[in-house]
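Counting from 1, the numbers follow the sequence of the chain as shown. Only heavy atoms go into these numbers, but all of them, side chains included; no hydrogens, no water, no symmetry mates.
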Amino acid sequence: MNCKAFIVTASLLTWTEAIYHYRNKDKDKELQYLLEPPVYAEITARRGENVTLPCILQTKPAHYRIKWTKVEPLHQGVENIVLITNGHKDKQYGTLGPRASLRRAHALDVSLHLISVELEDDGQYRCELINGIDDENVIVTLRIEGVVFPYQSSRGRYRFTFLDAKDACTGQDSTLATYRQLYRAWTEGLDWCNAGWLNDGTVHYPILHPRPACGANLPPGIRSYRAQHRTKDHYDAFCFTSTSKGSVFYISGPLSFSEAAHACQERGAVLALVGQLYSAWKFQGLDQCNGGWLQDTSVRFPITTPREHCGGIPQAGVVSFGFPSQSQRLYGAYCYR
């Protein structure tokens, strides 16, 4: 691990702590106009799907507005307005606006409908009724179903500034993961001993099996370096991706990197990005016991059914061979089309 002197914490956080659940400042106030959603209401979708975030009126005041905002995980409490309606006309705002509308299944329905959801849409949304005196709101969480994967530079471990990490994930068909996404991945089996950036500028790593150099004397948990300097400090990245429109397929080798790229092009495809390979493994069940080149010049292979002749890997996952010499003719190719 990085030798800088940081305070490292390892704790088994509760689920509500892990998702930074937004607390209504008027939580004890009984709602007059809006229906309270189920506790910790959460809507789950995959990238590219359409979703509806429920918000239903019990009754309509004489004059009111409904405002939908996205509560940014990067700045708790800071809002990005998505849509405002006065019951007659709607106005969309920001990057989400063009994909947002009200469902209006009936006269009391002010649910938010989003088309073709993206990775960045993950988070919490507030439906707020504005009535001058009796303003009130409810919160709904949109969770994009996906997979978190650790990612490091081809130059080695701990080479990314925060912006480098953000660009690296974007370049691999993914985004920097949120703490909530990393926490969920940890509960699903992610165990990784290298620290990586998250999208709020904090640095963490998930440990299920404490061992030397990974807090051997600490219990399992999310090890935290907290917020770090975004331009001076360097770590790896934890990226998050979801489903993709295309598919990944394997071409057998042996091929050099350039030969692998050419083999994909001959089949109307391109070398796959790391995020696309993880997506194919997670959502399409891609299982291939052969190392193959990817577009970032790394070599990896996806395993859904661990078996002895696949390197003795005990768990399902995507196995990395790192970044070998591009002239080596030992591997196949993973193509995306």
Side-chain angles (χ1 to χ4, degrees), residues 44-51 99 114-122 142-151 154 167-177 181 184-185 188-190 237-307 309-311 313 315-324 326 330-337:
T44 301
R46 296 179 178 180
R47 177 170 55 179
E49 293 181 343
N50 301 334
V51 298
R99 293 185 287 114
L114 297 175
I115 62 171
S116 190
V117 295
E118 300 175 358
L119 298 177
E120 294 82 0
D121 296 344
D122 184 278
L142 171 59
R143 181 175 70 85
I144 304 300
E145 185 180 356
V147 57
V148 172
F149 61 93
Y151 190 74
S154 60
D167 290 343
C169 289
T170 300
Q172 298 305 317
D173 191 42
S174 60
T175 186
L176 270 178
Q181 289 164 345
R184 180 180 286 274
E188 294 173 348
L190 182 60
F238 285 106
C239 303
F240 173 81
T241 194
S242 183
T243 51
S244 57
K245 294 181 179 179
S247 60
V248 174
F249 60 94
Y250 177 75
I251 298 176
S252 61
L255 302 168
S256 67
F257 174 75
S258 60
E259 290 170 342
H262 182 69
C264 290
Q265 291 173 359
E266 287 186 326
R267 292 161 176 79
V270 296
L271 280 172
L273 301 172
V274 176
Q276 292 166 345
L277 184 65
Y278 270 92
S279 176
W281 164 74
K282 175 74 173 181
F283 296 105
Q284 298 173 13
L286 184 62
D287 185 289
Q288 182 71 46
C289 189
N290 301 94
W293 292 103
L294 297 178
Q295 197 171 129
D296 68 342
T297 72
S298 68
V299 172
R300 306 171 194 257
F301 68 89
I303 288 294
T304 57
T305 305
R307 45 203 184 271
H309 72 277
C310 287
I313 305 301
Q315 296 177 334
V318 175
V319 181
S320 174
F321 290 172
F323 297 85
Q326 296 180 35
L330 299 174
Y331 311 106
Y334 287 101
C335 306
Y336 178 80
R337 178 172 58 201

(message) Within the structure provided, determine whether S244 and Y336 are in side-chain contact (heavy-atom separation under 4.5 Å).
(response) yes
(request) Calculate, to the nearest 0.5 Å, the distance between atoms CG and CD belonging to L190 and Q315 respectively. (result) 10.0 Å
(request) Flag the pair F301 / Y331 as yes when at least one side-chain heavy-atom distance between them is below 4.5 Å, and no otherwise. (result) no
(message) Rounded to the nearest 0.5 Å, what separates atom CZ in R46 from atom NZ in K282?
(response) 8.5 Å
(request) State, with a plain yes or no, whether a side-chain heavy atom of L277 is found less than 4.5 Å away from one of V318. (result) yes
(message) If you compare all heavy atoms of A333 against all heavy atoms of A260, which two are closest, and at what distance to 0.1 Å?
(response) CB-CB, 3.6 Å
(request) Starting at CZ of F149, measure out to OG of S279 and round the result to the nearest 0.5 Å. (result) 10.0 Å
(message) Tell me the closest heavy-atom pair linking E145 and T44, and the distance in Å.
(response) CB-CG2, 4.0 Å
(request) Keeping the roles fixed (side chain from R300, backbone from S298), state whether a donor-acceptor pair exists under 3.5 Å. (result) no
(message) For L176 versus A237, what's the shortest heavy-atom pair and its separation?
(response) CD2-CB, 4.0 Å
(message) Which heavy atom of S256 sits nearest to which heavy atom of Q326, and what is that distance?
(response) CB-O, 3.5 Å
(message) Taking G275's backbone N and O only, do any of them form a donor-acceptor pair with D173's side chain (distance below 3.5 Å, no angle check)?
(response) no
(request) Determine the minimum heavy-atom distance between V299 and W293, stating which atoms define it. (result) CG2-CE3, 3.6 Å
(message) How long is the straight-line distance from CD of Q276 back to CZ of R337, given to the nearest 0.5 Å?
(response) 13.0 Å
(message) For L119, is there any backbone N or O sitting under 3.5 Å from a side-chain donor or acceptor partner on T175?
(response) no
Under 3.5 Å, which donor-acceptor pairs link side chains of residues 262-274 to any protein atom two or more places apart or in another chain?
from	atom 1	to	atom 2	distance (Å)
H262	NE2	E266	OE2	3.1
R267	NH1	A263	O	2.9

(message) In the structure I gave you, are the side-chain heavy atoms of L142 and L114 within less than 4.5 Å of one another anywhere?
(response) yes
(request) Measure the spacing between CD of Q295 and CZ of F257 and express it to the nearest 0.5 Å. (result) 7.0 Å
(request) Would you sort out whether C239 and Q172 count as a side chain to side chain contact (heavy atoms under 4.5 Å, CB included), showing the intermediate values? (result) CA-CA 9 Å; C239 303; Q172 298 305 317; 5.8 Å; no
(message) Let me confirm one number: the CG-CD1 distance from N50 to I115, rounded to the nearest 0.5 Å.
(response) 6.0 Å
(message) Could you check whether R47 pairs with D122 (Lys NZ or Arg NE/NH1/NH2 to Asp/Glu carboxylate O, under 4.0 Å)?
(response) no
(request) Give a yes-or-no answer on whether the side chains of Y151 and D296 include a donor-acceptor pair shorter than 3.5 Å. (result) yes
(request) Write down the atom of T304, the atom of L286, and the distance for their closest heavy-atom approach. (result) CG2-O, 3.4 Å
(request) Return the set of residues passing ring-ring contact (aromatic ring centres under 6.0 Å, His included) with F240 (not counting sequence neighbours), or none when no residue passes. (result) none
(message) Tell me if a side-chain donor or acceptor on S154 pairs with a main-chain N or O of F323 at a distance below 3.5 Å.
(response) no
(message) So, using ring-ring contact (aromatic ring centres under 6.0 Å, His included) as the criterion, who are the partners of F283 when residues are at least two apart?
(response) none
(request) Mind telling me whether Y334 and Y250 have parallel, tilted or perpendicular rings, with 30° and 60° as the class edges? (result) tilted
(request) Please determine if R143 and D121 form a salt bridge, counting it only when a charged side-chain N lies under 4.0 Å from a carboxylate O. (result) no
